[in-house]
Structure formats: structure tokens, C-alpha cells
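Below, chains carry the letters A, B, ... as their sequence lines are ordered, and counting in each starts from 1.
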Protein chains: 2
Amino acid sequence: MTDPGDAMRAKRRGSVTLKDVAREAGVGIMTVSRAINSPDAVSEKLRTRVESAVVALGYVPNRWAGTLASARSRLVTVIVPSLSSRVFGEIVSAADAVLTPHGYQIMVSNTAFSLDDEETVCRKVLGWRPEGIIISGIDHNPATREMLMQSGIPVVEALELGSDPIDINIGISHADAGATAAEHLLSRGRRRIAFIGAEMDLDFRAQRRRAGFCEALARHGVTPALEIHHSGRVGFATGARAMEELLASGEAVDAVFCVNDELAVGAVGAAIRNGRAVPDDLAIIGFSDLDVSAEIVPSLTTIRLPRVEMGRLAAEAVLAGRRETGEKRIDVGYELVVRESS
Amino acid sequence: MTDPGDAMRAKRRGSVTLKDVAREAGVGIMTVSRAINSPDAVSEKLRTRVESAVVALGYVPNRWAGTLASARSRLVTVIVPSLSSRVFGEIVSAADAVLTPHGYQIMVSNTAFSLDDEETVCRKVLGWRPEGIIISGIDHNPATREMLMQSGIPVVEALELGSDPIDINIGISHADAGATAAEHLLSRGRRRIAFIGAEMDLDFRAQRRRAGFCEALARHGVTPALEIHHSGRVGFATGARAMEELLASGEAVDAVFCVNDELAVGAVGAAIRNGRAVPDDLAIIGFSDLDVSAEIVPSLTTIRLPRVEMGRLAAEAVLAGRRETGEKRIDVGYELVVRESS
DNA sequence: CGCCAAAATGGTAGCGTTCCCAAATGAAGC
DNA sequence: GCTTCATTTGGGAACGCTACCATTTTGGCG
């Protein structure tokens, strides 16, 4: 596997530049630049001449040069734990929908749920000098925090609400969400309540949902009947395996809180397959409200995380910049969505 | 909403540069550049001095300048129809996993399934001078094709196999996949076979799956008993609505091909809810094999699209570049996954 | 101790834009 | 026709970095 760079470089040197277009159109270099970036500042006659030269030569302005000269990258970085999850995809998508019409380009990086990777990614990302950074969560290495604060770039921490934002913070309280799940199951008269999680050591938000869940139970004098912390990766299949483990344990359980909807959907499937009636034998509640959660049978009770709204608000916060002395902390709230599984 | 650019510019001018680090470390500017980019070419002594100066000043190299000077952007663009879909997320994720270790950064853009948007996006993307472009599908506006061919950048068309690749083409035959679905249902003894699709006018791959499906039926003297082309957006809920429509039609149907798994999973749910036994009353087959498809009850028969492999191969093709006179067309194949729903 | 090759270091000239200002052109008024 | 002012146009200097080449230092060896 040879280095594509050499060919690249050879090709690129000598590609069409502003100067080529200027020569073709018989105008100055600045006239071309203006004809492209602020057409109103150029006379009709020259503008059309420039435009046809651009088309004739297939000129595409080099953003690197433009960015370097103007110190405006028109780039916004989004740092998420995972690129393949629909949860983060929806956030990115919503942010993109806001930013693209404003001429911004999104650049996505993933941390694989690791704080150290996040630090590496942040350092790399700052080299691109984005005009805004949207980052997942409020847990960062001290060095990451420091770096972001020093950067002078608007930083939006999304997904979870914390007490000490770097800059702007948009999210919900995951502890409260966990507590809401517990209270819902209790209100249904369940007392032998289990917990299912996976990759809990990596996902701080999931940890806090669990903590909030356990505390709420404790307030009612209940302790979790069983906790399955599955070693597999978060996903539908892992949820199913975890449920099988739970059923195999023989423990008497009448309700389960799955720390996210992937696990919960898989758990519902496994419960049904193993002859349990949901919710009669076993109530199940998840977290995040995936699209699929509403369509499975029985449909899944869950807690809706307003992902699209968070993505949109994060993008708008970046656009507003940090000078805008608006709200530094935005609680987008969550919503208990009661369906058939509880 | 004021323009964040001004603050940006003010901040950035006068940020830490190579020269500052050089002064701090008491060395030449080139020594700093080398200490960072090819540490082996610098003596131990100076390297440590540079390194501590970098840390002391919090220097982060400016990629714009580096890219401009070296004509190496270390950027690979991935153009997908949608950012929020898990199918595309997995492809992007797999490509990222290959490219990141090689020092590349991925830039994702979405076309919203529109050829015109794709053209706009391509033009914009070329301005960033990526070293490779991974684009979804083989259908492009003539201008888009032209632009990509002229660019001199390796282009990988992924997801579907065509006869005339711009450069490199990785995918499967969607017509064959559709035919496989039809043949599977026929082999199960079904003859009153329906089709469910959504947004069919935008998704050319789905169109070809349908065409292949219809042709295969025709070869066996069967015509689709019913076609539901739902107007909603592709998603689980739309699949459910389409199935309800199908059931309400009163048409005698014993099998359904859903043009993708989102629709199929939703359709399974709706069929069950409406008292149909799947597969006894109604067999259902989807396309793509989502993670969730294996975990619902009944689990979904589908055709697996090897997304991770495509993402990986596309990234490797970009790394290899176009000089590598290897395979221009790679058929990654699909696989019929028979589960409970058929 | 000197000599030469090899390694380490630094200066300079771009890379392709945009910004700033000067020059040129055109319009309007007398 | 000439001056004055607004509008267009263009030139040159950055922007921060790397490539290339020249220079300096080092180390090995006779």
C-alpha cells in the first residue's frame, strides 16, 4: 500500500488557481476573488467574464488557502463516542441541518468512549482550527478541558447537564432520568426490579442513570433484585444475551430497567422468546427512545432523549458564539414514554 | 445571531505559531517543524527542548497552513445520503477505523438522497482538496461525474456495483438481491407476494431491488399481488403504516418483500399487532440486515449487505490510491439470512 | 590533529487565498 | 472641459507552514 500523497502532490501543484482564472478572464486576481465571494462588488460585465472563465477551467477555490488568509475555517467539529450509533447520528444530522445553510462544514470525530482517545482527538481537531466544537458529555480529562478552554473556540458540551460547563452545556440530568425509570416501575407496583447494563465502565452517562435509578429505589426502601452488567458491546444482541442471563439466574424479578434502548429492545425479544409475558410477568423500560422502540411488539416503554433538539440547539449555540451572553446551561428535558412493555 | 467569525479572527491572529515555539526553544523554525513531524531527524537535545516549548505554549500546529504548504490535506470525504441512518453510519465508522490510524481525518457530507444536492456537496467538498472521496452509489449528475473525474482525486463509489465506475467501485448488485428475495419467497411456496417501499423515487438502489424482485417473479409467471409505495420517510414507523395499509386493502397476500429492513421491522410489528401470524399467514423479508432484525420476534429474514466490509474496502482503496492498478470493481456479495419471518 | 562524509540545523521561497490600501475609472456638477 | 466624489479594480503583503537547499556541526578514522 503506497503513499497516495506523492501522486496527490504532483497533481495538485499546477491545479487551477485564482491566477489562472484571472488570466483567462483578463482581469486582476482580486476581481476574481470578489466575483466569487461578493459578486455585488464587481461590475456586471467583469462578473460574467469571470464566471465563464471559472466554468471553462473548472475552477474550485482552495479552502485551505482561503481559510489561512481569512482565519475563517467555516468548520465545526462534532466529537461523539461512536459514529455508527443512531443516537449520535441523529445529533450530528440535526446539527448539520442547522449549520450547512450557514455555509459551515461539519467534521465528525469519534472517541470510542475513551477519555484518552478524546484527548488525542481534541488535540488533532484543534489543528483544523474549527469555529466551534460540539462535544459529547461533560466528563473530560483535565488536559482536554484545559485545551478546550484555552482554544478560544466556542465549545458546546451536549447530552448531559453538568455543574461546571467549559462554555455552553446542553442536555439533561441522567440521574433524574434513571430515577424516573425507577419510579415508573414502582408506580406499576413492581418491587423485584433488576438492572441491565453493558460497557458501564466506559459510559459515564449510563453510570449516572444507574445511580439515579438505584437511589430512587432506595428512597422507597427497595434494592435492585439483580444487576446484569454484561461484558458485550452495547447493542440489541447484547441486550438479548443479558436478558437470557437474567432469566437463567432463577432470581424472581418482575421488572427490568435497561440502561439504554438497544439493550431494552434486545431484552424484550429474549423475554418473549423465553415464554415470559411482557409486561405481565416482566415489565421492561429502556432509555433514549429509538425509532424502533415504538414498533416492536410489545412496544417499549422508555425515556425519550430529545436528540434532534439537542443537535439543533448545539449548532445554534455555536453560531451564536460565546459572546452571546445567553444561557450557558440548557436543560432540554426528557420525557417518560409509557408504552406496552410496562 | 451575530457572526462568530469576527471574534474568531481576532482571537486567531496572534495565536501561537511555529515561530513562537522556535523563539521559546531557542532554535530555528525548521527544527520545530521537524521535531514535530519527523522527530528522528532532530537531535535528542533539541527535540526535548522543542517538546517542552510546545507544551509550555500549548502549541497546536495549524493544519491549514501545513496543508497549503505541503499539498497534503490528510482528509478523506465520505458522501452519504443520510447522516442519521445506521446503515451509512456503519460504513462511515468502518472507513474511519481504517483511515484514522494512517493519520487521515474523515469529513462526512450528506446529500439527502438528492442528485442535485450531491452535485452541490461535491463542488464544496472539492474545495477542501481531500485525498480521497468515498461516495454512495453509482448514480450521479453528469456534472458531478465530470467534476469528480477531473479532480484527479481517487474516487470510490460504494454500495452498488455499476458497469462504468468513475474510478473504483465497491458494492453488490441490488437487482440480484431483489431477485434473491423473490426466489426465496417463491421457494417457500408463496405466490401472492406483495412489495412495500417508501421514498422509492429518491433511492435508486431500492428501485433496482424492486426491479430485480419483479423480474424474478415474472420469470416464474408471478406478478406482485400488491405494491405499497408509502409516501412517508423510510423508517420503522413508515413500515408499520405501510403494512396496515396492505392489510386494510383486503388483498389476499401470503408474503411481502420490504425494500429495506427499517420498513420490514415495522411491517412485522404491524402484522403481529393486527393478528397475523408471521410467517404462517404472511412471510416477510427485508434487505440490509440491521442489528435489530435478528432480535425482534419473530426474527426477520433478510439479505445482508456487508456494510462494514464495504467501508473498510473503500478506505483501503483510497489509501492505495488510483495508481494501484488493482481491481476497479469489487463485488462484496450479499447473503440471504433466513430467520423466523419466512 | 586534521580531514571528510554524514548528520543536524536554519534561511528562504513559495503554497493560493484574503485584506488593506492605492490607483483608475466613471458619474455628476459647474 | 475640468474638478470632485463614489465606485471599481488591482497590487502587494500577509496568513503559518513545508520543501528545498545551503550551512554548520558532529563523529569516525588515518
**Q** What is the distance from CE of B:M30 to C1' of D:dC17, rounded to the nearest Å?
**A**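 Result: 9 Å.
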**Q** How close or far is atom C1' of C:dT17 from atom CH2 of B:W128, stated in whole angstroms?
**A**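 Roughly 13 Å, once rounded to whole Å.
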**Q** Take the protein atom CZ of A:R23 and the nucleotide atom P of D:dT9, then report the distance between them rounded to whole Å.
**A**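 Value for this atom pair: 20 Å.
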**Q** Can you identify which nucleotide, out of D:dT9, C:dG16, D:dG16, has its nearest atom closest to the B:A65 side chain?
**A**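 It is D:dG16.
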**Q** Indicate yes or no: at least one non-hydrogen side-chain atom of A:L313 is less than 4.5 angstrom from one of A:I330.
**A**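 They are in side-chain contact.
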**Q** Nearest-Å distance, CH2 (B:W64) to C1' (C:dG14)?
**A**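 Interatomic distance, CH2 of B:W64 to C1' of C:dG14: 20 Å.
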**Q** Determine the sole option in A:L75, A:I79, A:V156, A:V76 for which the side chain to side chain contact (heavy atoms under 4.5 Å, CB included) test with A:I133 is passed.
**A**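 The residue from A:L75, A:I79, A:V156, A:V76 that satisfies side chain to side chain contact (heavy atoms under 4.5 Å, CB included) with A:I133 turns out to be A:I79.
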**Q** Is there a side-chain polar atom (N or O) of A:S33 under 4.0 Å from OP1 or OP2 of C:dT18?
**A**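 Yes.
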**Q** If you compare every side-chain N and O of A:T31 against the phosphate oxygens of D:dG10 (OP1, OP2), does one of them come in below 4.0 Å?
**A**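 So the side-chain polar atoms of A:T31 do come within 4.0 Å of the phosphate oxygens OP1 or OP2 of D:dG10, strictly under.
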**Q** With respect to the phosphate group of C:dT18, does any side-chain polar atom (N or O) of A:N37 fall under 4.0 Å of OP1 or OP2?
**A**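 So the side-chain polar atoms of A:N37 do come within 4.0 Å of the phosphate oxygens OP1 or OP2 of C:dT18, strictly under.
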**Q** What is the separation between atom CG on A:L46 and atom P on C:dT25, rounded to the nearest whole Å?
**A**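 That distance rounds to 12 Å.
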**Q** Would A:W64 and A:W128 count as a close aromatic pair, with their ring centres under 6.0 Å?
**A**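 Yes, the ring of A:W64 comes within the 6.0 Å limit of the ring of A:W128, centre to centre.
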**Q** Distance check needed: C:dC15 P versus B:R63 CZ, whole Å only.
**A**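 For the pair B:R63 CZ and C:dC15 P, the rounded distance is 20 Å.
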**Q** In whole angstrom, what separates B:K19's NZ from D:dC17's P?
**A**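 My rounded result for the distance is 10 Å.
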**Q** Taking only the side-chain heavy atoms of A:L68 (C-beta and beyond), determine which of C:dC19, C:dG16, D:dT9 contains the nearest atom.
**A**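 The closest nucleotide is C:dG16.
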**Q** Can you work out whether B:I29 or A:R34 has the more 5'-proximal nearest nucleotide on DNA chain C?
**A**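 It is B:I29 whose nearest nucleotide is closer to the 5' end.
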**Q** Quickly work out the B:R74 CZ to D:dT18 P distance and round it to whole Å.
**A**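 It is 12 Å, rounded to the nearest whole Å.
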**Q** So, is B:S43 close to the C:dT9 phosphate, meaning a side-chain N or O under 4.0 Å from OP1 or OP2?
**A**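 The answer is yes; a side-chain N or O of B:S43 sits under 4.0 Å from OP1 or OP2.
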**Q** In Å and rounded to the nearest 0.5 Å, what is the CD to CD1 distance from A:E157 to A:I166?
**A**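 Interatomic distance, A:E157 CD to A:I166 CD1, rounded to 0.5 Å: 4.0 Å.
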**Q** For a 4.5 angstrom cut-off between non-hydrogen side-chain atoms, does A:I170 reach A:E309?
**A**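 Contact flag for A:I170/A:E309 side chains = no.
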